[in-house]
Number of protein chains: 2
Amino acid sequence: MRKQAATRQSDVLDVLNQHDKPMTAYAILDQMKVGEPGLAAPTIYRTLAALTEQGRAHKLESINAFVPCRCAHETSVPVLAICEECLAVEEHDGAQLLPQLTALSQKSAFEPTRHIVEIHGRCQTCAT
Amino acid sequence: MRKQAATRQSDVLDVLNQHDKPMTAYAILDQMKVGEPGLAAPTIYRTLAALTEQGRAHKLESINAFVPCRCAHETSVPVLAICEECLAVEEHDGAQLLPQLTALSQKSAFEPTRHIVEIHGRCQTCAT
DNA sequence: AGAATTTATTTTATAATATAACAAATTTGG
DNA sequence: CCAAATTTGTTATATTATAAAATAAATTCT
């Protein structure tokens with residue numbers, strides 16, 4: 001049995017939205033296998049690739065996990081702050097960083113296609 | 001047979017310095033196994049953890065690979081530009097980004113401990 | 001509309017990355 | 001020098017990700 005990509009994508013996004021913490025691809029897979037036992041890893045990875053490409057989800061590169069995008073997705077530079085204690089993620093718009101990032105790239109005539117900005121630390125709740 | 005951590009660290013750093021592209025942990029392992037066949041993955045990962053903690057190497061979180069630090073290592077924000085075509089990495093000092101990153105963290109009283117900034121794109125040589 | 005072709009999706013299998021748990025050696029403080 | 005603590009090494013396994021083959025849907029052409 002086969003599902004349309006768009007359907008898969010909203011299914012995966014639903015799962016992400018039902019959790020308030022970032023999920024690994026395999027955590028998503030386990031969740032979705034409840035209702036659809038045949039499902040396997042590549043389906044999840046392909047779907048996540050599409051979602052991140054569209055800006056509807058973000059990958060946290062430093063912890064190999066995913067969150068749904070909750071910013072206006074036209075943002076050129078998503079900034080993801082990850083609490084190392086509770087793993088909560090806050091998403092900020094980093095558009096203001098763009099001029100400086102661009103300046104750095106231009107130092108060596110580097111042509112940027114994607115900016116990755118993540119902050120590790122402690123969220124308000126966990127910081128005593 | 002056993003080696004002091006400091007010696008391991010400079011051995012690993014030597015290997016990183018002998019290559020002009022980022023190396024995965026297993027690429028380093030393979031290289032070092034030539035002279036020391038018994039060597040295993042955890043030794044490499046432990047050594048890399050120490051080196052990155054000391055700021056003598058950087059992990060590229062978005063590609064799971066490592067480069068030696070070539071900046072002044074007191075830099076608070078290393079910026080790593082990765083060419084998606086040839087994989088060359090340029091290291092910049094992103095100290096100038098710190099005020100804005102701090103401002104973003106303060107929006108939600110987040111206490112940052114580490115900033116990760118990576119740029120994907122094409123280096124001067126590969127960009128036509 | 002129906003067969004042929006193409007494209008997209010799923011499945012199976014496996015590769016690449018990382019760490020847990022245990023064992024052995026070295027160092028350190030008495 | 002001996003015992004405890006620590007560091008390093010080894011084995012085994014967990015986690016993350018993707019390649020390749022198989023299958024299903026969609027498209028195109030007549």
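In what follows, chains are A, B, ... by sequence order, proteins preceding strands, each numbered from 1. What you are looking at is a predicted structure, and each value in this text was computed from that prediction instead of being measured.
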* Side chains of B:Val117 and A:His115 in contact at under 4.5 Å (non-hydrogen atoms) -> no

* To do: Could you tell me whether the phosphate oxygens of C:dT17, OP1 or OP2, come under 4.0 Å of any side-chain nitrogen or oxygen in B:Lys59?
  => no

* Spacing of B:Met23 atom CE relative to C:dA18 atom P, expressed in whole Å -> 14 Å

* Structure fact -> Rounded to whole Å, CE of B:Met32 lies from C1' of D:dT8 at a distance of 13 Å

* To do: Determine: side-chain N/O of A:Tyr45 to OP1/OP2 of D:dA17, distance under 4.0 Å, yes or no.
  => yes

* Whole-Å distance between C:dT17 P and B:Phe66 CZ? -> 10 Å

* To do: Would you indicate what B:Ala40 reaches in the nucleic acid, counting non-hydrogen atoms under 4.0 angstrom: base, sugar-phosphate, or nothing?
  => base

* **Any A:Asn64 side-chain nitrogen or oxygen under 4.0 Å from OP1 or OP2 of D:dA17** => yes

* Mind calculating the distance between CG (A:Leu39) and P (C:dT11) to the nearest angstrom? => 7 Å

* To do: Taking all heavy atoms of A:Ala41 and all of A:Tyr26, pick out the closest pair and write down the distance.
  => CB-OH, 3.3 Å

* Asked: What is the distance from CG of B:Leu48 to C1' of C:dT19, rounded to the nearest Å?
  -> 14 Å

* Between the side-chain atoms of A:Tyr26 and the base atoms of D:dA17, is any donor-acceptor pair under 3.5 Å? -> yes

* **Gap between atoms CD1 and P, on B:Ile44 and D:dT10 respectively (whole Å)** => 12 Å

* Would a 4.5 Å heavy-atom cut-off, applied to side chains only, mark A:Val89 and A:Lys21 as touching? -> no

* Asked: Is the closest side-chain heavy-atom distance between A:Leu80 and A:His58 below 4.5 Å?
  -> yes

* **Nucleotide D:dT16, atom C1' - distance to CG of A:Leu29 in whole Å** => 12 Å

* Could you tell me the separation between the CD1 atom of A:Ile63 and the C1' atom of C:dA18, rounded to a whole number of Å? => 15 Å

* Nucleotide nearest B:Thr24 (side chain, heavy atoms from C-beta), chosen from C:dT17, D:dA19, D:dT10 -> C:dT17

* Would you indicate, yes or no, if D:dT7 has its OP1 or OP2 atom less than 4.0 angstrom from a side-chain nitrogen or oxygen of B:Arg46? => no

* Structure fact -> Nearest heavy-atom contact between B:Ile82 and A:Phe110 is O-CZ, 3.4 Å

